[in-house]
Structures are given as structure tokens and as C-alpha cells.
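Notes to accompany the following structure.
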Amino acid sequence: MPSITFIHHDDRAETVSANDGDSAMYTALLHGIDGITGECGGGAVCATCHVYVDDSWLGKVGAVGADEDELLEGVASERLPNSRLSCQIKITEALDGLVLRLPERQV
Amino acid sequence: MVATVTTASSHTPPVLSFGGALPNDASSQPVVHLDVDPFAMDFFADPHPTHEVLREAGPVVYLDKWNVYAVARYAEVHAVLNDPATFCSSRGVGLSDFAREKPWRPQSLILEADPPAHTRTRAVLNKVLSPAVMKQLRDGFAAAADAKVDELLERRSFDAVAYLAEAYPLSVFPDAMGLQKEGRENLLPYAGLVFNAFGPPNQLRQDAIERSAPHQAYVAAQCQRDNLAPGGFGACIHARVDTGDITADEAPLLVRSLLSAGLDTTVNGIGAAVYCLARYPQEFARLRSDLSLARNAFEEAVRYESPVQTFFRTTTRDVEISGCRVGEGEKVLMFLAAANRDPRRWADPERYDITRKTSGHVGFGSGIHMCVGQLVARLEGEVMLSALARKVASIEITGEVKRRYNNTLRGLESLPVTFTPA
């Protein structure tokens, strides 16, 4: 099972195992990671599962979709070049070891 | 660790399966028939015991009263919501099957539509009600909530349905839509009509439709471009005609969707939250000590009370739901409220807990049809609960609580309360 490390805004790190095919958001909720809200449950509506993808992984998580790009304009914390919505990152074996940083707030 | 999440995923057995199920297939589970009318007054008075009966009878049940299949457990409700190809909306999301019966009003282009038609109209409304738009609305909605609570503290004792749950959304939403000042008293009756009409042909539905003509005329007029102020949600929808995303004929019907579903739902959501905080003063105290919980306190109220109780889908093919065979062309009733208190999914589901991890509740639905106005609802709920927590020390129920009856919406007619200032 691929592992994902979530690094909180206070630098606390939590590493969890993900199911192949689940989204990064769903994985975070499944493991009770604070800092991912996911109000809309993964429907790409709410922009409350914002993450900053560690630079070394940016090339592997896929491109930002048009809808996601628009939603990222509405995130509560600053949008950076490595901002993504974690509901749109699908976990595969190729993402084993993925590092996602969490923003200060989601709402 | 949320150990009980049962959403279909690679590690759980599928809730739905296709193709292998033949009539009388020995592997199919029998579907339990129940003599339950979930649209009767005595059911509305206290639906929770019957919800439990529905959940525990099996993953799928059959309601003889209205000849429909029904699902009340979280996993099955979530699965049905997330398979729109099998469980379609274009044949109506009420009991009436549009393949057999003419809809009581022109069919919705979003609620009562399937992909690919739905995808285009949904994208338009998603943009009109996006997180970025909410950022612009936030300060104004918050100031209006503060002003409303200040006014209510002057009043001290009042009906929290009329003066708060209805008055606050009415003070922000029609202006955000860009509606004219005249005629707004039609909005709540129209919404009540729409949600009653999803139900069976009972007295509630018949009465609502009989009285509907003036409300329908008002709404039809307000949906026209000339009647919608610049900058509002309505004008933003019409502006999408100019960009070619929708046609001039489609725009008024999309405005109608927001007028149908944008007000009564938040009235009942905010009403549910105030009712929860009045009944559970310890939770109100927790909220007062940590204002950052305001948004989740509203979300938990939506899970706990489920202002929208039910929706229907229609099967487009034979399907097995958790081993129970359902044929093509059948109505399937989803008990959102029962799913939101399913002990298979929620720890201590009967408890209103403002720190609960609420993500995944189906109070706003789930999947492609999940409430398009959910961000507006949450914004209204959050800023109102924040204002209450800052300004009010206690909310005391001081009179008889009366329920309002609707085929789809759960809420109160009257909630007499007294506020003590902080």
C-alpha cells in the first residue's frame, strides 16, 4: 500500500497508508488527519481539501484540471504554485512516499 | 481513525453489481416488504424509530404503500447517489416517474437531468456559486448576521423560526440573487410547494399544487433577465448566455433552481442548528469557548436533523444493491436522514456533537447532484452561529415547539425562545 506523509502547518508529520485508487483527501479523512476538511466529500465543489504538494512530487501527481484551477482561486489560505485539491489526487503505487503539506486553514 | 467509513472503494466489497443477476437468481437476497408510509403525518412527527426499522430490515426494502424500493443505510444511500448512470434523475427525483407522468412544472435542467446534459448546466451553477464568490459575500453576510442577532437581543423573547431561521436568509439571499423587493413573500411558499411536490399524491402535495398558481407566476417572472439586478447570482447565470455556455431559454430555468432550493433549505438548516443549540446547551457552551467550531456546528446540525430528508432516483437497468435485485424502471427512495444516523457509519449517531468529523454525511446529498448551493448554506450557517456564540449567553426554549409538515423538508413551524445576552 502506498504511504502518504501529511505535514501539518506546525510541521508535525503524520504518515499513513493509502488504498490504491482512493483520493489523497479520502485517505486523510479515513485516517482522521486534521487539516483536511473535505466538506463536499470529494465532489470538487468546496475547496476545503487544499494541500501544497512537496516540490519533488509535483511532476508525478498530474496536472491541475480546469475546474480545480477555478476552485483553487477560492481557497482560504494562500494559493501557491504547488497548490492542489487533494480530492483530485488519485493515489497509485507510483505515489508511494508522497509528501503533502497542509495549509494554515481550509475555511 | 474513522474505522467505519464504508464508501465503496477498492478495499470493500461492491454495494452495487450488474449483469450477473437474472430473475429468480438464487444468489439474490429477498427484499423485505414494509407497511410504512414515510409521507404520513404521524411519521413526520417522529421519524427516527421508523428510520431504524427501515435500516434494520435490510439493505433494500420495498414500501407497499407507494410501490417503491427504498434504502436507508449509509452505504447503500451513498452508493445510489454516486451511480447516476444506473440511478437516474431525469425521470424525476420525487415519486412521480416522468416517463409515465407529465411533470407538474417544466423539468429542472439540473436537478432532474442526467449527464451529459447535467454536466453543462451544473458547471454554470458551480461557477456562479464558487468558493471565490463566497469570499466576496462573506463580510456582508457576516455583518447581516451580527445585525440580526443584535436586533433579536433587543427583542429577548421571540419565535426563532420566523424571526431568525426565516428572517436571516430572507435578509441576505434574495439580495444576493438580485431579486426585486416586491413579491418576496412568494419565495417560501414556492419552495414549500417544490419540496411537497417530490412526495406522493397525498393531501400535502395536492394542497400545495392547488394553491401554486400565484407563486409560480411570481417565480417565472423573477427568473427573467430584466428583473434581476446586476452582480447577483441571477444576472451571473444570464451572463453565461453571452459566453455561449447556455441558451437564453435555459437561463431562466437555472435561476428557478436557485429560487426553488436556495431559501427554504437554509431556513430549515439554520432552524435545525438553533434548535440543536437550544436543546444541547453544553454544545452551545463549547461553541462559545471556541468560535472556530461555528462552521462544523452548522454542518453537524445538517447531519443530525437532515433538513432535506429524502430524494428518489429511477433505475435505468437491472441492478443488485447489496445482493438485492431491483429491476429497470423502478423508483428508489433514499432516506438521507436515516443514512446520516446509521450506526454502521457514525459513532454515537444520536448525539449532536459539534466536534464530530462530519465529512461524508449526505445531508447535502453526494456525487454529481450534491447541493450546488452548499457553500451558500454553510456561509449563512457559519456566520449566524458565530454571531450567536459571540453575543448570546444562552438560548432557552420558552414555549411549545411546533413542527412544520412537508413531504421532503424537515423543520419547525414555531420555536419560542428567550436569548440571554453575553
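A, B, ... follow the sequence lines: proteins, then strands. Residue 1 opens every chain.
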Worksheet entry | Side-chain donor/acceptor of Arg378(B) to backbone N/O of Cys46(A), under 3.5 Å |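 It does not hold such a pair.
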Worksheet entry | Donor-acceptor pair, side chain of Lys127(B) and main chain of Asp67(A), under 3.5 angstrom |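 Not at all, since once roles are kept as given, no pair shorter than 3.5 Å links the two residues.
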Practice prompt. Locate the shortest heavy-atom distance separating Glu299(B) from Glu39(A); write the atom from each residue and the value.
Written response: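 For Glu299(B) versus Glu39(A), the nearest heavy atoms are OE2-O, 4.4 Å.
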Worksheet item: Of all heavy-atom pairs between Val45(A) and Leu375(B), which one has the smallest distance, and what is that distance?
Response: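 Taking Val45(A) first and Leu375(B) second, the nearest heavy atoms are O-CD1, 3.5 Å.
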Discussion item. Counting C-beta onward and ignoring hydrogens, is there a side-chain heavy-atom pair between Gln374(B) and Cys40(A) closer than 4.5 Å?
Written reply: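 In short, these two side chains touch, coming nearer than 4.5 Å.
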Worksheet item: Is any side-chain heavy atom of Thr37(A) closer than 4.5 Å to a side-chain heavy atom of Ser359(B)?
Response: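 In short, these two side chains do not touch, never coming nearer than 4.5 Å.
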Fill in: Under 4.5 Å from a heavy atom of chain B, the part of Val16(A) involved
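When you check distances to chain B, no heavy atom of Val16(A) falls under 4.5 Å.
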Discussion item. Quick check on Val107(A) against chain B: is it the side chain, the backbone, both or neither that has a heavy atom closer than 4.5 Å?
Written reply: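 For Val107(A), side-chain heavy atoms alone lie under 4.5 Å from chain B.
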Worksheet item: So which of Gly41(A), Gly43(A), Gly38(A) has the biggest tally of heavy-atom pairs under 4.5 Å with chain B?
Response: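 Most heavy-atom pairs within the cutoff with chain B belong to Gly38(A).
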Fill in: Interatomic distance, Lys357(B) atom NZ to Ile36(A) atom CD1 [nearest 0.5 angstrom]
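If we round to the nearest 0.5 Å, Lys357(B):NZ and Ile36(A):CD1 are 10.0 Å apart.
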Worksheet item: What part of Gln136(B) lies closer than 4.5 angstrom to a heavy atom of chain A: side chain, backbone, both or neither?
Response: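 Contact with chain A involves no heavy atom of Gln136(B) at all.
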Worksheet item: NZ of Lys90(A): more than 12 outside heavy atoms within 6.0 angstrom?
Response: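 Result for NZ/Lys90(A): open.
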